[in-house]
Amino acid sequence: MKYGYFNDQEKEYIITAPDTPLPWINYLGSENFFSLISNTGGGYSFYKDAKLLRLTRYRYNNVPLDSNGHYYYINDNGTIWNPGWQPSQTPLDFYECRHGLGYTCYSGKKNGLKAQVTAFVPLHDPCEIHKVTLKNEGLGSKEFTLFSYVEFCLWNAMDDMTNFQRNLSTGEVEVEGSVIYHKTEYRERRNHFAYYSVNADIDGFDTDRNTFVGTYGSNKEPDMVQKNRSGNSLASGWSPIGSHRLSIHLDPGEEKVLVFLLGYAENPGEHKWSAPNVINKEPATLVMKKYRTAAQVDQALSDLKKNWENLLSTYSVSMADEKTARMVNIWNQYQCMVTFNLSRSASYYESGTGRGMGFRDSCQDLLGFVHMVPERARERILDIASTQFEDGSAYHQYQPLTKKGNMDIGSGFNDDPLWLIAGVSAYLRETGDWGILEEPVPFDNDVSKSQPLMEHLRRSFGFTKLNLGPHGLPLIGRADWNDCLNLNCFSTEPGESFQTSGPSEGPVAESVMIAGMYVKYGKEYAQICRMTGHADEALEAEASVQEVYDAVLRAGWDGKWFLRAYDAFGGKVGSKDCEEGKIFIEPQGFCVMGGIGLAEGLAEQALDSVKEQLDTPYGILILQPAYSVYHKHLGEITSYPPGYKENGGIFCHNNPWITIAETMIGRGNRAFEVYRRTCPAYTEEISEIHKTEPYVYSQMIAGTDAKNFGEAKNSWLTGTAAWTFVSISQHILGIRPGFHGLIVDPCLPDSIKEFSAVRKFRGAEYHIHVKNRSGDQNDAPGLFVDGRPIEGNEIPYTEGKKEYHVMLQLG
Ligand code: BGC
Ligand code: IFM
């Protein structure tokens with residue numbers, strides 16, 4: 001069952017019913033100001049950091065679901081309704097929500113009045129614009145009242161939720177004309193404020209929640225909306241809000257456009273405690289002037305759309321399979337940009353107060369967005385590398401505002417260092433910007449300890465090399481990619497955090513997955529050494545990689561698949577000898593991606609085992625059989641009920657590893673089958689089962705052991721976005737950057753007979769046409785560039801050449 005449809009022309013998903021199985025959200029903003037917005041107008045806004053600089057309040061896990069946001073109430077002769085249906089839930093005569101790239105437009109119609117809200121964050125300015133269009137589509141004239149509503153957060157979202165003894169007395173506001181200024185804590189610790197304006201004279205306002213909503217009232221039908229008036233309240237402590245009231249008259253057919261603006265402003269220069277509560281409104285006024293008229297707003301929206309066109313034009317395909325094309329051209333790349341911006345910090349499943357930016361997460365996200373914004377990838381790499389320690393290990397997370405490592409979680413996830421090589425290698429192949437390796441980058445944010453980025457890579461590689469266990473496999477530490485495989489945390493007591501309590505290191509527990517990573521990224525590291533004139537180091541690295549490769553064959557092969565790990569007591573994890581958790585997906589994907597077992601015929605065997613043991617119609621399970629009881633020595637993984645999350649869910653993130661691995665052994669049909677099963681455009685039809693947004697990937701889909709098999713959770717902020725984009729664009733369609741030029745090396749399913757692609761790469765445009773071997777084979781097999789055949793599959797890059805015409809006939 002569907003709750004909407006795709007409009008590829010407009011690059012939108014159009015939702016036709018407000019009561020979707022879960023809130024279906026979108027993200028506004030791409031630089032510093034961000035908002036989450038649901039299909040019913042729910043959500044919240046923040047500046048740079050969802051924990052430290054939150055503008056508006058949101059209550060997670062609320063009843064009813066998703067019931068705080070940036071709302072408009074209409075009181076039309078006593079009928080109270082919202083254009084986005086929530087929070088009044090008054091049935092609408094018409095409802096539609098169009099989520100587009102960086103904007104959302106929802107509209108509702110009731111008794112002949114249509115209200116449409118177009119929300120977006122303009123390029124380069126820290127504010128959210130709402131263009132509200134009201135149209136009388138009835139036969140008689142209309143008199144009604146419009147109320148706007150936001151509830152301010154007192155900036156630090158965590159403190160806001162907990163520190164009531166203080167916070168109920170700190171709230172301060174100011175109202176001037178149609179602008180409501182929120183200046184809580186301005187007098188002491190902050191040099192910023194928020195403002196909420198409308199480009200018209202108002203008939204009243206409220207800034208105190210109790211006055212507007214009523215002490216025992218609710219968002220559903222706030223007191224003032226019911227009474228059809230304003231209290232003109234000035235909040236003093238308690239809960240500051242922003243609400244404008246406008247009385248509107250519309251003749252039949254008449255339309256009125258209003259522009260609301262919710263902005264963040266910083267006062268330039270030193271904070272002046274001597275005049276404690278006087279804000280400098282100048283920066284806010286400038287922004288309000290820029291977006292005063294509907295024409296200015298339309299222009300800003302059109303600039304935003306052009307920006308997206310431009311970003312997406314770096315990689316675009318045309319092909320008969322419209323679902324794949326839609327994901328490649330629009331939604332998958334869009335989600336990659338969102339994960340780049342937010343890592344795992346703020347979604348409807350990540351509260352924005354916990355995780356900041358993840359070291360491994362951000363490095364992986366980079367794989368999916370580096371082609372669109374390489375200069376921002378550069379900056380991100382330098383930020384991430386600055387949180388690395390001198391021994392090559394790294395803070396697992398850092399806070400986006402301060403860019404400092406998060407001490408609560410600390411380090412000890414032994415896969416982290418290798419992801420830095422993955423990210424930098426992708427950046428180098430995309431840009432050819434070898435100069436980045438010479439950039440001085442601090443260790444642990446201490447500039448006195450700066451070393452060139454190349455040295456950071458050396459320490460990353462060296463960390464694994466120096467931390468091998470009894471079988472010559474990498475030690476796992478606190479966990480590897482699988483956060484919940486905590487093989488050294490067995491002294492954790494019930495209720496303690498697996499990831500921050502108990503010993504994080506141990507000399508015995510080893511990870512076969514990290515071994516696969518070491519082989520894959522170690523080879524890339526060796527190439528980087530060679531390209532930068534460190535031939536001896538390259539040879540040394542390759543020798544070390546070979547040792548780990550051999551160790552995997554010796555101690556990491558279980559007969560039909562790769563073992564997952566050795567626990568702290570030397571016992572096998574992910575083996576036929578285990579009672580549960582006999583096979584895990586991660587080492588099958590990563591070892592084969594690293595090339596382990598290709599020559600020995602083991603890769604095929606491992607991937608066949610995945611198909612036999614882990615396949616489901618909704619994707620590949622992370623492990624089987626799921627653990628039915630809790631095992632202290634395995635950690636958090638066994639704390640989940642069977643079928644959920646890391647304990648036997650379909651963890652979408654590592655499905656594309658199997659896709660890529662399948663392309664490495666040339667099985668295009670199977671690779672595409674794995675791709676298709678978790679692909680949102682393909683699963684749209686089962687939205688009632690899947691429940692999350694059908695235009696983006698979710699982190700997890702409940703596995704066969706779960707009660708709700710097929711139900712997805714944790715949409716949007718997942719490494720799945722980057723990895724699936726890599727799997728389809730670089731491996732199935734096969735267009736990927738190499739160190740020397742663009743590689744065209746597809747591995748297609750029979751169903752894709754041919755496709756064309758435009759790839760912008762290092763300042764040139766590649767027009768590529770690929771014909772599958774099962775298609776019409778009038779052309780000679782091979783790769784032709786500008787009509788001439790070339791050897792191999794990497795098109796040598798020629799400085800200054802602007803256009804390449806590439807033709808590939810698979811033979
Ligand atoms: C995992 C969760 C786990 C959490 C612990 C995440 O990365 O996906 O399942 O509970 O880490 O912080
Ligand atoms: O690898 C992690 C990631 O860093 C956060 N989400 C879950 C993944 C698997 O545990």
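Side chains are part of it too, since the values below use all heavy atoms of this structure and drop only hydrogens, waters and symmetry mates. Not measured: the values here are computed from a predicted model. Indexing begins at 1, ligand by ligand and atom by atom, following the structure's order.
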Looking only at side chains, do Gln335 and Trp716 share a donor and an acceptor under 3.5 Å apart? no
For Asp383, what residues pass the salt bridge (Lys or Arg N to Asp or Glu O under 4.0 Å) criterion, not counting sequence neighbours?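 Salt bridge (Lys or Arg N to Asp or Glu O under 4.0 Å) check on Asp383 returns Lys403.
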So which bit of [X] gets within less than 4.0 Å of ligand 2, heavy atoms only: side chain, backbone, both or neither?
X      : value
Asp483 : both
His653 : neither
Arg344 : neither

Salt-bridge present (Lys611, Glu673; N to O < 4.0 Å):
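Answer for the salt bridge query: yes.
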query: Are Asp391 and Arg459 close enough for a salt bridge, meaning some N to O gap below 4.0 Å?
result: no
Report, in ascending order of atom number, the atoms of ligand 2 lying under 4.0 Å from any heavy atom of [X].
X      : result
Asn482 : 10 (O)
Gln699 : 6 (N), 7 (C)
Asp361 : 3 (C), 4 (O), 5 (C)

Option with minimal heavy-atom separation from atom 1 (O) of ligand 2, where the choices are Trp481, Phe359, Phe651 =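 Selected option, by shortest heavy-atom distance: Trp481.
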Using the ring of Tyr427 (Phe, Tyr or Trp, six-membered ring only), decide whether Arg378 places NZ or CZ under 6.0 Å from its centre and within 45 degrees of its axis. no
Does His456 have its ring centroid less than 6.0 Å away from the ring centroid of Phe443?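 Under 6.0 Å, so yes.
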